[in-house]
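Residue numbering restarts at 1 for every chain, and letters A, B, ... go by the order of the sequence lines. The basis for the numbers below is simple: all heavy atoms, side chains too, and nothing from hydrogens, waters or symmetry mates.
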Amino acid sequence: MSPVRVRFAPSPTGALHIGGIRTALYNYLFARQQGGTFIVRVEDTDQARFVPGAENYILRSLEWVGLIPEEGPEQGGPYGPYRQSERKEIYMDYARKLVEAGRAYYAFDTPEELEAMRQRLATPENPMPRYDFLSRMGMKNSLTLTAEEMAAMRSNGVPEVIRLKVPEGEKVKITDLIRGEVEFATQELDDKVLMKSDGMPTYHMANVIDDRLMRISHVIRGEEWLSSTAHHVLLYRYFGWEEEMPQFAHLPLILKPEGNGKLSKRDGAKFGFPVFPMDWKPEEGEHFEGFRETGFLPEALINFLVMLGWNPGTDQEIFNLEELIQAFSIGKIVKSGARFDYQKAKWFNAHYIQNLKPSEAVSLIQEEFLKHNRSVLSKQAADIFDMYRERVTLLPEFYSSGLFVVQAPDAVDPDFRSKKWKREWNAAFLDLADQLSCTDPFEKESLEPMFKNFMQTHGLKMGEFLPAIRVMVSGTPMGPDVYLMLKAIGASEAASRIRRGLEMLA
RNA sequence: GCCCCGUUCGUCUAUCGGUUAGGACACAAGAUUUUCAUUCUUGUAAGAGGGGUUCGACUCCCCUACGGGGUACCA
């Protein structure tokens with residue numbers, strides 16, 4: 001068996017959405033598990049759709065979720081370069097060999113002529129005629145033109161491409177690791193363009209050549225490629241590589257949460273959730289929010305994505321990367337498309353937040369505050385984590401919930417003020433503030449008996465007293481344990497907030 | 001239109017001919033909690049339809065329906 005080498009091959013035509021992340025993840029897991037190599041190859045053969053910054057975005061996104069390639073445009077490797085635009089010369093040689101072998105040909109049809117052919121041949125039964133064995137002899141190509149005619153076209157600068165000469169009446173069988181045997185009849189296949197008129201290869205050409213040259217053993221990619229795999233097999237065959245051709249695994253697609261079709265970048269805005277790993281802010285065009293900025297942990301995103309279309313066959317749902325490497329198998333990838341479920345994604349995130357190490361949580365919370373130009377001491381961040389670890393779904397909630405620790409509320413809950421607060425409690429609470437300011441140590445153990453005593457002497461119930469304290473400390477009657485809240489702000493601050501709160505409640 | 005792939009609770013899925021069709025999210029109820037949340041317990045909820053094959057089909061085969069992908073000098 002040749003060594004396992006897999007590649008993730010994104011095209012820098014925009015931000016990579018989570019479907020791409022999932023494809024990269026499955027490739028990565030397979031490589032790690034098999035002791036193989038995970039490669040990133042940038043497929044930038046479309047000059048017209050090239051988006052500046054997209055490649056960097058993709059690479060940084062992979063980095064954020066922890067999928068670092070061993071070989072790629074940034075780390076190099078023995079089979080580089082790993083950007084197809086930098087491999088441009090390679091492809092034309094191979095394409096010419098195919099022409100010499102009679103398996104491909106030059107074509108000189110303009111876009112207008114192609115359109116005219118489709119118009120001319122279209123019938124109600126066949127609305128999309130192809131450039132294929134049926135139509136190619138009526139077109140301008142090296143099969144129909146004389147050498148003189150071709151020379152004339154070349155000197156006149158007529159655009160020239162190389163097309164694959166797909167035979168008639170043959171079968172192409174593919175063994176897909178996920179779907180099993182899939183068969184295509186070659187008369188259904190068109191004469192795909194291999195080399196474009198700008199000298200760049202198409203996806204099909206570059207893909208086959210590079211997978212071969214980079215010794216790729218398994219091609220794990222989205223289902224949208226299944227149909228064109230027949231063309232790829234033909235290429236391997238004509239180059240004489242069919243015996244050592246990589247194995248294929250075509251992944252099910254991620255579908256919209258509701259309605260029809262696959263998940264698209266617009267769905268994020270439409271349904272109110274991210275579809276990109278990180279914020280995507282191109283120089284022109286729309287901006288999109290990412291999972292990272294929404295407050296997801298990369299581990300949670302990975303765990304959510306891996307379960308969208310794969311399962312271990314057991315009831316276990318929570319996996320870290322190491323466990324996934326152990327448990328993963330291509331055979332357990334599901335065949336049908338999976339709907340994106342944002343609720344489930346949030347559930348995973350809440351789980352990972354709860355299980356954060358305190359030290360990690362502290363720095364994440366400090367980062368959240370920094371985004372609002374505020375700082376919290378690590379002691380304060382630790383207190384915030386204690387109070388909210390089980391109540392937070394998205395990281396930014398640590399800021400909105402925990403802000404009271406560093407900033408006194410400037411208003412009190414109006415509902416509480418009008419419906420629950422009794423003015424006759426005023427003097428008692430003022431008294432409590434004085435007691436509080438000289439309480440030491442300022443812990444639940446010392447506070448609790450004192451509060452019990454206070455409630456008893458003033459005839460207050462827990463359900464009246466504790467919400468009142470919470471309102472004075474944080475502005476709202478609901479929230480975490482009051483003792484933790486008080487401890488987080490300290491004795492003197494607690495006393496002053498009660499005094500201030502009483503003014504606002506009056 | 002044609003080609004290819006698919007179809008189990010609302011959603012993600014388990015089951016690889018014999019199960020009370022299991023788990024998770026969501027939802028509902030109850031318990032715990034000073035409140036909210038967490039946590040725990042319980043509950044509602046599924047094999048697209050029709051034919052076969054078989055002693056026996058969710059599972060295998062065929063047809064239909066539906067969904068997805070492809071049908072570009074885009075990937």
When the distance from NE2 of A:H231 to C1' of B:rC74 is rounded to whole Å, what number comes out? 15 Å
How would you label the contact of A:E183 with the nucleic acid (heavy atoms, under 4.0 Å): base, sugar-phosphate, or nothing? sugar-phosphate
With a non-hydrogen cut-off below 4.0 angstrom, is A:G222 in contact with a base, only sugar-phosphate, or nothing? nothing
Quick check on B:rG68: is either OP1 or OP2 less than 4.0 Å from any side-chain nitrogen or oxygen of A:N260? yes
B:rC16, OP1 or OP2 - any side-chain N/O from A:K332 closer than 4.0 Å? no
Can you find a donor-acceptor N/O pair under 3.5 angstrom joining the side chain of A:S228 to the base of B:rG70? no
Which part of the nucleic acid, if any, lies within contact of A:T314, taking any heavy atom under 4.0 Å across all strands shown: a base, the sugar-phosphate backbone alone, or nothing? nothing
Can you tell me how far P of B:rU11 sits from CG of A:L305, to the nearest Å? 19 Å
Side chain of A:R470, heavy atoms from C-beta onward: which of B:rU34, B:rG1, B:rU71 has the nearest atom to it? B:rU34
When you get a sec, tell me which of B:rG70, B:rC73, B:rG68 is the closest nucleotide to the side chain of A:V193? B:rC73
Reckon A:V392 touches a base, only the sugar-phosphate, or nothing at all at heavy-atom distances under 4.0 Å? nothing
Nearest-angstrom distance from the residue atom CZ of A:R49 to P of B:rA72: 15 Å
Parallel, tilted or perpendicular, judged at 30° and 60°: which one describes the rings of A:F465 and A:F451? perpendicular
Indicate, yes or no, whether a donor-acceptor pair under 3.5 Å links the base of B:rC73 to the side chain of A:S197. yes
A:Y131 backbone acceptor or donor facing A:D190 side chain under 3.5 Å: no
A:E113 pairs by salt bridge (charged side-chain N to carboxylate O under 4.0 Å, His left out) with which of A:K140, A:R120, A:R118? A:K140
Given atom CG of A:L255 and atom P of B:rC5, what is their separation to the nearest angstrom? 18 Å
If you pin A:E181 and A:K344 to their nearest nucleotides in RNA chain B, which one's is more 5'? A:E181
Nucleotide B:rC73, atom P - distance to OH of A:Y105 in whole Å: 11 Å
A:F8 ring center near A:Y26 ring center (under 6.0 Å): no
Closest listed nucleotide, where the reference is the side chain of A:S336 and the choices are B:rU7, B:rC73, B:rU34: B:rU7
Between B:rC73 and A:R163, is there an OP1 or OP2 to side-chain N/O distance shorter than 4.0 Å? yes
B:rC2 phosphate, OP1 or OP2: any side-chain N/O from A:N126 under 4.0 angstrom? no
Nucleotide nearest A:K262 when distance is taken to its side chain, options B:rG70, B:rC5, B:rG67: B:rG70
Rounded to whole angstroms, how far apart are CG on A:D176 and C1' on B:rG6? 13 Å
Nearest to the side chain of A:L253 - B:rU39, B:rA14, B:rG68? B:rG68
By the definition ring-ring contact (aromatic ring centres under 6.0 Å, His included), identify the one residue from A:Y352, A:F340, A:F319 that meets it with A:F304. A:F340
Residue A:L226, side-chain atoms from C-beta onward, closest of B:rC73, B:rC5, B:rG70: B:rC5
Nucleotide nearest A:Q343 (side chain, heavy atoms from C-beta), chosen from B:rC25, B:rU34, B:rU13: B:rC25
Would you say a side-chain N or O of A:K335 is under 4.0 Å from OP1 or OP2 of B:rU8? no
Is any N or O donor-acceptor pair between the side chain of A:R339 and the base of B:rC12 shorter than 3.5 Å? no
Under 3.5 Å donor-acceptor pair, A:K192 side-chain atoms to B:rA72 base atoms: no
By nearest-nucleotide position on RNA chain B, the 5'-leaning member of A:P257 and A:P201 is A:P257
Winner on side-chain proximity to A:E188, out of B:rC2, B:rA75, B:rG1, is B:rC2
Going by side chain to side chain donor-acceptor pair (under 3.5 Å), A:Q84 matches just one of A:D46, A:D44, A:N207, A:D210. Which one? A:D210
So which nucleotide from B:rU13, B:rA75, B:rC5 ends up closest to the side chain of A:V182? B:rC5
